[in-house]
Each structure stands twice: as C-alpha cells, then as structure tokens.
Amino acid sequence: MQVTELDLDPDTLEPPPHAAPHGARGAPARGVLALRPGPGGAPVGPGEVFVLVRHRGRPVGTLTATVPDGSDPAEVLAAAARDRLAPPPPAGSPPHGAARHHAAQDPGSPGAAKAPGAPGTSETPGTLGTSGAPEAPAAPGGEARRAGPPRTSVVVATRERPRRLARALDSLLAQDHPDFEIVVVDNAPLTGATRELIERKYSERVRYVLEPVPGLAVAHNRGVAAADGTVLAFTDDDVVADPHWLTALTAPFAEDPRIGCVTGLILPARLTTPAQILLESHGGFAKGFAPRTYDPARPPADEPLFPFTAGRFGSGANMAFRARALRAAGGFDPATGTGTAARGGDDLYAFVRILTDGHRLRYTPDALVWHHHRETERDLRNQAFGYGAGLTAYLTALVARRPGLLPALLARLPRGLAHARTMTAHRDGARSVPGEHGTASHPWPRSLSRLERRGMLAGPLGYVRARRGVRGLPLPWEER
C-alpha cells in the first residue's frame with residue numbers, strides 16, 4: 001500500500017455543482033496545494049493508497065482510496081477527501097460518495113476525542129481554525145498569547161542502527177524550530193558505528209553521549225542529564241520528523257505554564273509488508289486529529305480510568321516534557337522500557353507521573369512524525385508481547401515508586417481489567433487496511449491477542465527483575 005500526503009485548500013472542500021467524474025484528466029485538481037509521497041516513497045500511482053490529508057499544511061485526517069489506472073491521482077484523492085471531509089450536504093440531497101476514512105476525529109466513533117469545550121475535556125473554547133483546532137485563548141487586553149517556542153533539546157536514544165539514525169537526524173536537522181540542540185545517546189553499544197557516524201557526518205550539529213547500561217529509560221535519563229533545553233523532546237531512531245514537528249510540539253509550553261508534557265501524531269512511513277499493515281490496522285500509534293488537554297484538576301468524564309489510561313495520551317516516539325517537571329518526577333523509571341525485562345512502559349510511566357504531580361498533558365496532532373513500523377511477523381509478535389508487558393510493568397512501577405497511588409489504582413481495577421480484555425481481544429477485520437484509530441473494528445489475530453495477554457501477566461515480574469538490575473543506579477543529573 002502506498003503512503004502519500006495530500007494538502008488541500010479547505011475553502012474548496014465543497015464539490016462544484018457539476019463536478020467532473022472522479023479521476024477525469026484535464027485541468028489541475030481543484031484545491032490541491034500539494035501531493036507528495038510519504039518519506040522516502042515514490043510518487044503515487046495506480047493502486048490502494050493511505051493518505052494523510054492536510055489543510056494548508058495542518059494534518060486533519062487519514063483515509064484510504066484506490067487510484068484507478070489512467071486516472072489523475074490528485075483528482076481521485078482530492079475527491080475522496082471532499083467526500084469525507086466536506087460539510088454535510090443539505091437534508092434530502094444524495095451523498096457525494098463513500099471514501100473509507102480512518103481518522104479518530106469522527107463524531108460518535110468509539111474513542112473519538114471530543115470537540116473543544118465538550119464535557120470531559122479541559123479545552124478552552126476558542127475560534128476554530130480550518131483544522132478544527134482551537135486558537136490560543138485571548139489574554140487580558142483581548143490579544144491572543146503568542147510566544148516563541150522555548151529552547152529545546154531533542155534526545156534520540158539508539159543502539160546499533162546507524163543507517164536508520166542518519167535518516168532520522170537528517171529530518172531533525174531540517175526543523176523550523178529557532179532554538180534547539182540534538183543529543184544522541186548511544187545505549188550499550190556493541191560497536192563504534194554510532195559514534196563514527198556522528199563524528200563523520202554530524203559532529204557540528206549533534207552531541208554524542210554514551211550510556212553503557214542497557215535500557216531505553218536509562219538512555220533517556222542520560223539524555224536528560226546532558227540536555228540544556230528548558231523543554232526536552234524525545235523521538236526514536238526509526239522516525240522521520242515533519243519539518244514543523246518540533247515547533248508544534250513545543251509551542252504549548254510557551255502558551256500554558258501548567259503544561260508538563262506534550263505528545264504528537266505518529267503515522268506510518270511505509271505500509272509495504274503484511275506486518276506493517278496489520279499493526280496500522282490495529283490502530284498503530286496515532287491518537288487522532290483532535291487536540292486535547294488532560295488536566296488532573298478536571299478529570300475527563302469520558303475517561304473513567306484516568307489517569308491510568310496512559311496509552312491514550314501518546315507514545316514515546318513523539319513526546320516532550322518541561323525539563324524541571326520531568327527531573328522533579330525523577331525522570332524515567334530505569335527498570336522500564338525496551339532493553340529491560342519489563343519490555344516497555346517507560347513513556348507511559350512518565351505520562352502518569354507528570355499528571356499525578358499536577359501538571360497538564362497536551363496532545364497536538366500538528367506535531368507529526370512518520371514511523372517505520374516493524375516489517376516482519378516475528379517483529380510484530382515481539383511487539384505484541386511487549387505492549388502487554390509494558391502496560392502492567394508501568395503500573396507496577398507506579399505503585400512501587402508512588403505507593404499513595406495504590407488506592408486509586410485498585411478502585412479502577414475492575415474497569416481496567418475489562419478494558420484490557422476488550423483491547424486485547426481477537427477481532428476479524430473485513431479488510432486488511434488501516435482501520436479507524438480508537439475503535440474496536442480493526443483486525444487483530446488470536447495469536448497476537450494471546451501474546452498481549454501473556455505479556456500482561458509477565459510485566460510485573462519483568463519489572464521486579466529489571467529493578468534488581470538497576471538498584472543503586474543514581475539519576476545522571478544528580479551524580480557527583
């Protein structure tokens with residue numbers, strides 16, 4: 001399946017009264033500002049296409065469509081986007097068509113984010129822009145608060161993947177953020193390949209830091225110690241960052257001093273193997289296209305497990321923290337994350353710690369990275385087990401480090417177990433295409449469901465084993 005981006009002028013979403021048949025050649029596709037392939041991909045051609053739709057550059061949704069032989073891809077995909085994203089027609093008029101849309105912003109979809117100002121959110125109602133995102137609320141005097149993005153450190157932990165790392169660094173160095181640094185943490189390396197790459201190609205723009213103790217959380221903590229930004233952003237070595245990613249991810253910190261964490265949108269860079277398509281069909285890493293603020297002072301009414309539904313907040317490949325808030329929370333738990341017996345949960349632990357310390361967490365779809373999903377069935381099986389293990393490992397970490405959270409966790413346990421059974425259940429999908437994010441309609445084989453549940457059983461013991469291995473390990477920024 002091809003991956004592409006379609007940038008539209010939102011003023012042209014309404015189809016003309018006598019629109020030409022979809023795919024007809026002739027004049028340029030109306031309202032199309034750009035049609036470009038996903039990162040590293042070829043120009044779109046005939047066949048099935050996964051499309052990120054933008055409005056003047058801002059991500060607003062995804063859909064799948066089929067481009068017939070001999071047709072104009074821009075016209076076909078623009079027509080599909082208009083079918084789904086245009087305002088509803090007047091009562092009694094026939095629908096434009098039926099493109100399959102896969103954005104989590106659909107009103108009424110299970111798991112869909114609510115509109116700004118709706119019950120259960122802490123959004124401040126504001127003027128809606130073309131993407132549906134609220135503008136900054138007006139400050140005293142009537143003018144919206146506009147502050148430049150803060151000084152930021154981007155931390156990338158890596159281990160023996162220099163080719164992928166180079167691709168990620170090239171995209172990070174192309175960011176439009178005015179003031180940032182990049183810190184690469186080489187985690188328990190077996191060779192000097194990562195150090196050699198940085199010294200040979202990136203030494204003037206990228207700082208190299210060595211962390212000999214294995215584990216993603218340990219590596220992230222080393223990056224926290226080395227970083228000098230007031231905001232600390234984290235991404236992985238298997239992503240390609242949109243040029244506006246860092247500016248969008250860090251802007252909320254300047255707009256709201258109560259924000260402690262911001263997460264962003266993650267979409268697939270490639271959908272070329274069955275494993276990649278299946279993962280994205282299961283929901284992938286995307287959290288929808290509606291911005292949302294989670295406020296511990298105003299628990300969302302539609303999140304009865306809040307704040308323990310950390311997987312709803314974002315993922316570790318696209319997150320940022322206010323530096324002083326993350327350090328005050330103790331950073332990442334070194335007994336969690338990839339590279340430890342816990343197998344994951346380092347990002348989830350940090351999200352909940354930030355919220356339980358009283359800070360707000362913001363999700364913004366404007367901050368986009370493209371993720372290279374695992375390519376093989378074996379990779380996907382390991383990932384499914386790791387999802388389950390990381391979930392219960394991070395909950396174990398919370399109780400171990402914040403015993404005062406235990407009563408709240410126990411009170412939510414019955415609903416939490418029911419939620420976990422639903423999320424890990426086997427599902428037959430009508431089609432093997434990326435499904436709607438946040439719904440339970442996507443396919444997920446029984447074998448992967450069993451692996452997720454086995455991982456959930458293994459997570460607490462894995463955390464205990466990992467914690468023994470890092471016992472006595474000081475926080476790097478507190479080392480003397």
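Val185 is not listed as a side-chain neighbour of Thr158, based on a closest heavy-atom distance of 4.5 Å or more. In this structure, the side chains of Ile259 and Asp256 come closer than 4.5 Å at one or more pairs of heavy atoms. Looking at Met1 and Val49, their side chains never come closer than 4.5 Å, going by heavy atoms from C-beta outward. Put simply, the side chain of Ser315 does not reach to within 4.5 Å of the side chain of Thr263, judged on heavy atoms. The closest side-chain heavy-atom distance from Arg36 to Pro43 is not below 4.5 Å. Arg378 places a side-chain heavy atom less than 4.5 Å from the side chain of Asn382. Contact annotation: the side chain of Arg151 approaches that of Glu181 to within less than 4.5 Å [non-hydrogen atoms, C-beta and beyond]. In this structure, Pro291 and Tyr363 have side chains that are not in contact, with every pair of non-hydrogen atoms separated by 4.5 Å or more.
Contact check on Arg362 versus Glu255 returns no salt bridge, with no Lys/Arg side-chain nitrogen under 4.0 Å from an Asp/Glu carboxylate oxygen.
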Pair Thr4-Leu52, side-chain contact (heavy atoms from CB on, under 4.5 Å): steps then yes or no: CA-CA 6 Å; Thr4 192; Leu52 167 65; over 6 Å; no
Thr64 vs Val51, side-chain contact (heavy atoms from CB on, under 4.5 Å): CA-CA, chis, key distance, verdict: CA-CA 6 Å; Thr64 59; Val51 187; over 6 Å; no
Residues Thr62, Leu267; criterion side-chain contact (heavy atoms from CB on, under 4.5 Å); working and verdict: CA-CA 9 Å; Thr62 59; Leu267 291 179; 4.1 Å; yes
Worked verdict on Tyr294 versus Glu303 for side-chain contact (heavy atoms from CB on, under 4.5 Å): CA-CA 10 Å; Tyr294 294 92; Glu303 295 273 2; 4.1 Å; yes
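Note: Leu265 CG to His371 NE2 = 13.0 Å, rounded to the nearest 0.5 Å. The CZ atom of Phe180 sits 5.5 Å away from atom CZ of Arg205, with the distance rounded to the nearest 0.5 Å. From Leu361, atom CG reaches atom CG of Asp295 across 10.5 Å, with rounding to the nearest 0.5 Å. Between atom CD1 of residue Ile198 and atom CD1 of residue Ile182 there is a gap of 9.0 Å, rounded to the nearest 0.5 Å. To the nearest 0.5 angstrom, Leu395 atom CG is 8.5 Å from Leu348 atom CG. For the atom pair OG1 of Thr392 and CZ of Arg453, the computed distance is 13.5 Å after rounding to the nearest 0.5 Å.
The two residues Pro243 and Ala174 come nearest to each other via the heavy atoms CB-O, 4.1 Å. In terms of heavy atoms, Pro46 sits closest to Gln2 at O-NE2, 3.4 Å. The two atoms that bring Tyr394 and Gly345 nearest to each other are CB-O, 3.4 Å, heavy atoms only. Between Gly288 and Pro365 the shortest heavy-atom distance is O-CB, 3.8 Å. Nearest heavy atoms, Thr336 versus Gly344: CB-O, 3.6 Å. Closest non-hydrogen pair, Ala233 versus Leu246, comes out as CB-CD1, 3.8 Å.
Annotation: side-chain hydrogen bond (donor to acceptor under 3.5 Å, both in side chains) contacts of Glu211 (sequence neighbours excluded): Arg222. For the side-chain hydrogen bond (donor to acceptor under 3.5 Å, both in side chains) test, no residue two or more places apart in sequence or in another chain qualifies with Thr273. Qualifying side-chain contact (heavy atoms from CB on, under 4.5 Å) partners for Leu33, counting only residues two or more places apart in sequence or in other chains: Asp7, Asp9, Arg56. With sequence neighbours left out, Val231 forms a side-chain contact (heavy atoms from CB on, under 4.5 Å) with Pro150, Thr152, Thr250, Phe253, Ala320. Under the side-chain contact (heavy atoms from CB on, under 4.5 Å) criterion, Thr364 pairs with Val262, Asp366, Ala367, sequence neighbours left out. When the side-chain contact (heavy atoms from CB on, under 4.5 Å) test is applied to Pro268, the partners found at least two apart in sequence or on another chain are Phe50, Leu271, Glu280, His373. Considering only residues two or more places apart in sequence or on other chains, Asn318 meets the side-chain hydrogen bond (donor to acceptor under 3.5 Å, both in side chains) condition with Trp245. Applying the ring pair (Phe, Tyr, Trp, His ring centres under 6.0 Å) criterion to Phe332, with sequence neighbours excluded, gives His220, Phe234, Phe321. Residues satisfying the side-chain hydrogen bond (donor to acceptor under 3.5 Å, both in side chains) test with Asp186, not counting sequence neighbours, are Tyr208. Scanning for ring pair (Phe, Tyr, Trp, His ring centres under 6.0 Å) contacts around Phe351 gives an empty result, with sequence neighbours left out.
Within the structure, salt bridge (charged side-chain N to carboxylate O under 4.0 Å, His left out) contacts touching residues 236-254 (residues at least two apart or in different chains) are Arg54-Asp242, Arg161-Asp237, Arg161-Asp238.
Between the side chain of Thr235 and the backbone N or O of Ala317, at least one donor-acceptor pair lies under 3.5 Å. Panel note: side chain Thr376, backbone Asp379; a donor-acceptor pair is recorded below 3.5 Å. Side-chain atoms of Glu48 do not come within 3.5 Å of backbone N or O of Thr66 as any donor-acceptor pair. No donor-acceptor pair under 3.5 Å is formed between the side chain of Glu75 and the backbone N or O of Ser71. Remark: the backbone N or O of Arg207 is not paired with any side-chain donor or acceptor of Tyr202 at under 3.5 angstrom. Using a distance-only test at 3.5 Å, with no hydrogens or angles considered, no donor-acceptor pair links the side chain of Ser171 to the main chain of Val240. Without hydrogens or angle criteria, Thr340 side chain to Ala342 main chain gives a donor-acceptor distance under 3.5 Å. Looking only at distances, no side-chain donor or acceptor of Ser153 sits under 3.5 Å from a matching main-chain atom of Ala227. Looking only at distances, a side-chain donor or acceptor of Arg159 sits under 3.5 Å from a matching main-chain atom of Asn187. Listed for the Tyr387 side chain is no donor-acceptor partner under 3.5 Å among the backbone atoms of Leu451.
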Could you go through residues 188-196 and list every donor-acceptor pair under 3.5 Å that involves a side-chain atom there, pairing it with any protein atom two or more places apart or in another chain?
{"unit_1": "Thr191", "atom_1": "OG1", "unit_2": "Glu160", "atom_2": "OE1", "d": "2.7"}
{"unit_1": "Thr191", "atom_1": "OG1", "unit_2": "Glu160", "atom_2": "OE2", "d": "3.3"}
{"unit_1": "Thr191", "atom_1": "OG1", "unit_2": "Ala193", "atom_2": "N", "d": "3.2"}

